[in-house]
Student: 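Got a structure here, written out as structure tokens. Questions coming.
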Amino acid sequence: MPTHATPHLQHILSAGDGYQQPVLCLVANLSNSSSSSPNDPLLTWREFRTLLHEMGHAVHSMVSRTRYQHVWGTRCSQDIVEVPSHLWEHFATHPASLALLARHKNTRNPLPDHLLRQLTQSTSVTPALELQ
């Protein structure tokens, strides 16, 4: 599953004239997409949502500005650290986003409407299980 890491943290430059931008990496161990069927997806639904969840953490780290590294980016209160990642997951399940992002790997056609409805409805079946 994907994770993000920050090898170089953001901080105020010693001269006080700006910020050092962080160096971020998003590392993922995704399923093998070299299937013989042309209709098999490149990413599973879970991989897609998890990838965007981790991207939310990475964006949180990129836009954080603080004087102290120990409270920067995802090094904050646990109730706040998940907000950007859950927003990105919500973005992933919005029909307008899926219409842009979920495309056939060969034809680039958008996801058919009936599949789009099934995916978006499946995210609201057990919302309490999504809480941490």
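The residues of the chain are indexed from 1 along the displayed sequence. The shown structure was predicted, so the numbers you read here are calculated from the model rather than taken from an experiment.
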Student: Which atom pair, heavy atoms only, marks the closest approach of L98 to L116?
Tutor: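 Here L98 and L116 meet closest at CB-CD1, 3.3 Å.
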Student: Just verifying a value: how many Å separate H86 NE2 and E89 CD, rounded to the nearest 0.5 Å?
Tutor: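 So the gap between those two atoms works out to 6.0 Å.
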Student: As an exercise, state the distance from NE2 of H60 to CD of E54, rounded to the nearest 0.5 Å.
Tutor: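 Separation between the atoms: 13.5 Å.
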Student: What are the two closest non-hydrogen atoms of T44 and S31, and how far apart are they?
Tutor: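 That closest heavy-atom pairing would be CG2-OG, 4.1 Å.
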Student: Restricting to non-hydrogen atoms, name the atom on V59 and the atom on W88 that form the minimum distance, rounded to 0.1 Å.
Tutor: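 Looks like CG2-CZ2, 3.5 Å.
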Student: Who pairs with P110 by side-chain contact (heavy atoms from CB on, under 4.5 Å), at least two apart in sequence or on another chain?
Tutor: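 Partners of P110 by the side-chain contact (heavy atoms from CB on, under 4.5 Å) criterion, ordered by chain and then number, come out as R103.
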Student: Taking atom CG of L101 and atom NE2 of H94, what is their separation to the nearest 0.5 Å?
Tutor: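 Taking CG in L101 and NE2 in H94, the distance rounds to 12.0 Å.
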Student: Under a single-linkage definition using a 4.5 Å side-chain heavy-atom cutoff for Ile, Leu, Val, Met, Phe, Trp and Tyr, are L52 and L30 assigned to the same hydrophobic cluster?
Tutor: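 Yes, one cluster joins them.
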Student: Closest heavy-atom contact between L43 and E47?
Tutor: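 The pair with the smallest heavy-atom distance is CA-OE1, 3.5 Å.
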Student: Just checking H90: does its NE2 atom have more than 12 heavy atoms from other residues, nucleotides or ligands closer to it than 6.0 angstrom?
Tutor: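 Incorrect, the count does not exceed 12.
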Student: With side chain to side chain contact (heavy atoms under 4.5 Å, CB included) as the test, would you mind laying out the steps for W45 and T93 before giving the verdict?
Tutor: CA-CA 10 Å; W45 178 241; T93 60; 3.7 Å; yes
Student: Could you check whether any side-chain N or O of S61 sits under 3.5 Å from a backbone N or O of H57, counting only pairs where one atom can act as donor and the other as acceptor?
Tutor: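 It does hold such a pair.
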Student: Are a donor atom and an acceptor atom from the side chains of S85 and E82 found within less than 3.5 Å of each other?
Tutor: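 Checked: S85/E82 side chains pair up, N/O donor to acceptor below 3.5 Å.
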Student: Compare every heavy atom of M55 with every heavy atom of L26, then report the nearest pair and how far apart it is.
Tutor: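 That would be CD2-SD, 3.9 Å.
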Student: Going by the rule side chain to side chain donor-acceptor pair (under 3.5 Å), which residues pair with N106 if we only count those two or more places apart in sequence or in a different chain?
Tutor: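 Per chain and number, N106 pairs via side chain to side chain donor-acceptor pair (under 3.5 Å) with no residue.
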Student: List in chain and number order the residues that pass side-chain contact (heavy atoms from CB on, under 4.5 Å) with L115, two or more places apart in sequence or in another chain; answer none if no residue qualifies.
Tutor: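 With neighbours one apart ignored, the set is L111, P112, Q118.
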